[in-house]
Novice: 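I have a structure I would like to understand better, so I am pasting it below and will then ask my questions one at a time.
To find a chain, count down the sequence lines: A is the first, B the second, and so on, and within it residues start at 1. Just so it is clear, the structure is predicted and the values come from calculations on it, not from any experiment.
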Amino acid sequence: MALKVMVCDDSMFVRKKMKDAVAAAGATEIIEAADGQQAIDKYKAEKPDLVFMDIIMPVKSGVEALTEIKAFDSSAKVVMASSVGTQENLKEAIMAGAYDFLQKPIANEDVAKIVSKASQ
Amino acid sequence: MFTQFFGNYLLHQQLVSPEHLSEVLQTMKTTRLKLGVLAINAGFMTAEQVEKAHNEQQRVDKRIGDVMVDMGFLTKDQVESLFQTQPAGHLLLGQALVDNGYMTNTQFEQALNSYKQENSISENDFNDGSDEAAARLVKHFYNFSGGTNSAYMTNYVSLLFKNLIRFIGDDFTPMDAKPVCDEISNCVVQRIEGGLSAITIIDADTSAMIEFASRFAKEELTDDDEYTQACVSEFINLHNGLFAVNMSNDTGIELKLEPQCYYDNMDISELKNACVIPVCFSFGVVNFIVSF
């Protein structure tokens with residue numbers, strides 16, 4: 001089954017690790033974005049099935065990008081990822097419509113579980 | 001962490017030179033623990049008895065454990081239990097120093113006992129130190145000046161050493177803190193805002209930066225390029241993120257991390273109150289600069 005996934009993180013290193021993880025989990029097409037604005041623009045153009053979004057990013061933060069993406073497409077599945085897994089960040093992400101939350105460092109098994117859940 | 005500070009203690013006591021310490025950090029991974037060092041650490045034998053047993057072994061054709069039992073220094077059960085001891089870092093460090101001739105067994109015994117006594121460290125702390133014990137050790141070694149920020153510094157630095165062990169490796173010695181006075185080049189920076197403001201920086205020369213990034217990424221990197229900088233940036237982001245979680249849980253203070261950036265030459269005028277904590281790894285020195 002085709003599964004288009006977008007990986008948004010300002011870190012080239014994290015994008016590479018995330019791409020490896022989502023490819024191993026069954027993504028058939030992977031798109032990258034390096035900041036919040038790129039994430040919004042690419043979402044609108046590509047309509048991916050699933051998005052992994054870092055929170056701390058330049059230009060626009062991950063939560064700002066999430067809010068705009070949800071305004072554009074209320075059914076968007078956006079997973080927020082952050083090294084700062086505080087209750088406050090978690091709450092903010094859920095309030096903005098996050099599909100799930102990943103605490104960094106990201107474990108490939110957690111990515112695989114989310115990809116599997118989103119594919120169903 | 002108790003192991004890493006043992007290296008710092010040996011330097012302070014001038015029992016080992018920085019050059020010799022750096023040299024043995026590189027050989028520690030291949031060092032094999034010997035019964036004498038294990039027996040001294042367990043308190044079963046004195047260094048003098050170990051020396052006597054080694055001298056005796058040169059005269060008779062027997063294994064060192066049997067010689068120690070024959071001489072009445074150890075029981076067979078003690079020999080068995082020592083052979084089952086996990087190779088803890090401080091013992092490997094001591095063994096490597098003894099093997100290289102930089103310390104005698106007697107100096108190792110005295111240094112280890114003094115270090116444990118002065119810092120109220122138990123043998124269990126070496127293997128599984130609590131956060132409180134680790135923070136106590138950091139506070140004792142660094143003595144950050146008073147006030148609330150000094151408590152944050154202690155927690156920040158304790159967590160830093162734990163994360164270095166977790167993500168980079170345990171072959172390092174924390175060096176004494178110092179103010180920022182030299183120019184900072186080739187560094188990654190992350191600012192923290194919210195309940196308190198801080199600047200956090202990782203600075204190292206090219207080869208140390210590449211090796212640090214390689215270990216974090218678990219990849220063989222060869223160039224000091226954008227990818228290497230991204231790896232080091234992610235380490236500082238991860239560490240600061242975990243610190244922010246602790247601050248939120250322990251104090252209710254919410255922190256906001258800014259995106260990391262890279263500077264090849266940083267203006268140090270805003271770092272007047274910053275503290276440089278150099279960490280001597282087997283591959284070179286990495287400086288952690290923090291200003292709360």
Side-chain angles (χ1 to χ4, degrees), chain A residues 7-21 23-24 32-40 52-66 79-96 101-111, chain B residues 159-160 162-164 166-168 188-195 198 200 202 209-210 212-219 221 223-262:
Chain A
V7 171
C8 315
D9 200 300
D10 56 326
S11 165
M12 185 193 274
F13 163 69
V14 177
R15 288 201 305 275
K16 180 174 178 282
K17 294 288 176 192
M18 281 298 298
K19 280 194 297 179
D20 292 346
E32 289 180 57
D35 63 52
Q37 187 58 53
Q38 270 189 27
I40 297 162
F52 287 93
M53 178 94 73
D54 183 27
I55 290 183
I56 304 159
M57 286 197 290
V59 188
K60 271 188 180 165
S61 76
V63 174
E64 287 172 311
L66 165 65
V79 179
M80 304 307 284
S82 179
S83 61
V84 190
T86 58
Q87 289 298 316
E88 186 160 299
N89 270 352
L90 191 61
K91 204 168 121 189
E92 191 183 17
I94 290 166
M95 294 288 283
F101 189 94
L102 275 179
Q103 166 78 47
K104 289 183 178 180
I106 288 162
N108 287 6
E109 311 83 77
D110 294 338
V111 172
Chain B
L159 182 65
L160 172 67
K162 282 177 72 174
N163 285 333
L164 288 175
R166 180 177 168 194
F167 295 113
I168 308 297
V188 296
V189 179
Q190 185 167 47
R191 289 166 202 277
I192 300 174
E193 300 295 340
T200 61
I202 298 179
M209 201 64 117
I210 292 170
F212 188 91
S214 297
R215 286 188 177 199
F216 179 66
K218 298 186 174 62
E219 294 175 45
L221 305 177
D223 299 318
D224 188 17
D225 54 14
E226 202 185 333
Y227 188 75
T228 293
Q229 291 157 15
C231 296
V232 179
S233 292
E234 192 52 26
F235 171 83
I236 202 169
N237 180 52
L238 206 52
H239 167 59
N240 286 337
L242 294 169
F243 176 68
V245 172
N246 287 354
M247 284 291 284
S248 175
N249 292 342
D250 299 342
T251 67
I253 296 173
E254 298 296 335
L255 302 180
K256 186 176 175 296
L257 308 188
E258 299 292 326
Q260 313 90 294
C261 39
Y262 170 80

Novice: Which answer fits Met12(A), side chain, backbone, both or neither, if we ask what part of it has an atom under 4.5 Å from a heavy atom of chain B?
Specialist: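 Both backbone and side chain.
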Novice: When you look at CD of Glu226(B), are more than 12 heavy atoms from neighbouring residues, nucleotides or ligands closer to it than 6.0 Å?
Specialist: no
Novice: What do you reckon, is CD of Glu88(A) surrounded by more than 12 foreign heavy atoms closer than 6.0 Å?
Specialist: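 Open: at most 12 neighbouring heavy atoms sit under 6.0 Å from CD of Glu88(A).
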Novice: Any ion pair linking Lys256(B) and Glu254(B) (charged N to carboxylate O, less than 4.0 Å)?
Specialist: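 Looking at Lys256(B) together with Glu254(B), the answer is no, because their closest N to O distance does not fall below 4.0 Å.
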Novice: Would Glu234(B) and Lys104(A) pass as an ion pair if we require N to O under 4.0 Å?
Specialist: yes
Novice: Does Phe212(B) have any ring pair (Phe, Tyr, Trp, His ring centres under 6.0 Å) partners at least two apart in sequence or in another chain, and if so, which?
Specialist: Phe235(B)
Novice: Working to the nearest 0.5 Å, report the span between CZ of Arg15(A) and CG of Asp20(A).
Specialist: 13.0 Å
Novice: Which region of Gln229(B), side chain (C-beta onward) or backbone (N, CA, C, O), has a non-hydrogen atom less than 4.5 Å from a non-hydrogen atom of chain A, or is it both or neither?
Specialist: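 Neither part.
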Novice: What residues of residues 242-250 of chain B make heavy-atom contacts with chain A at a cutoff under 4.5 angstrom?
Specialist: Leu242(B), Ala244(B), Val245(B), Ser248(B)
Novice: Parallel under 30°, tilted from 30 to 60°, perpendicular over 60°: which one fits the rings of Phe216(B) and Phe13(A)?
Specialist: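 Tilted, since the angle between the ring planes falls between 30° and 60°.
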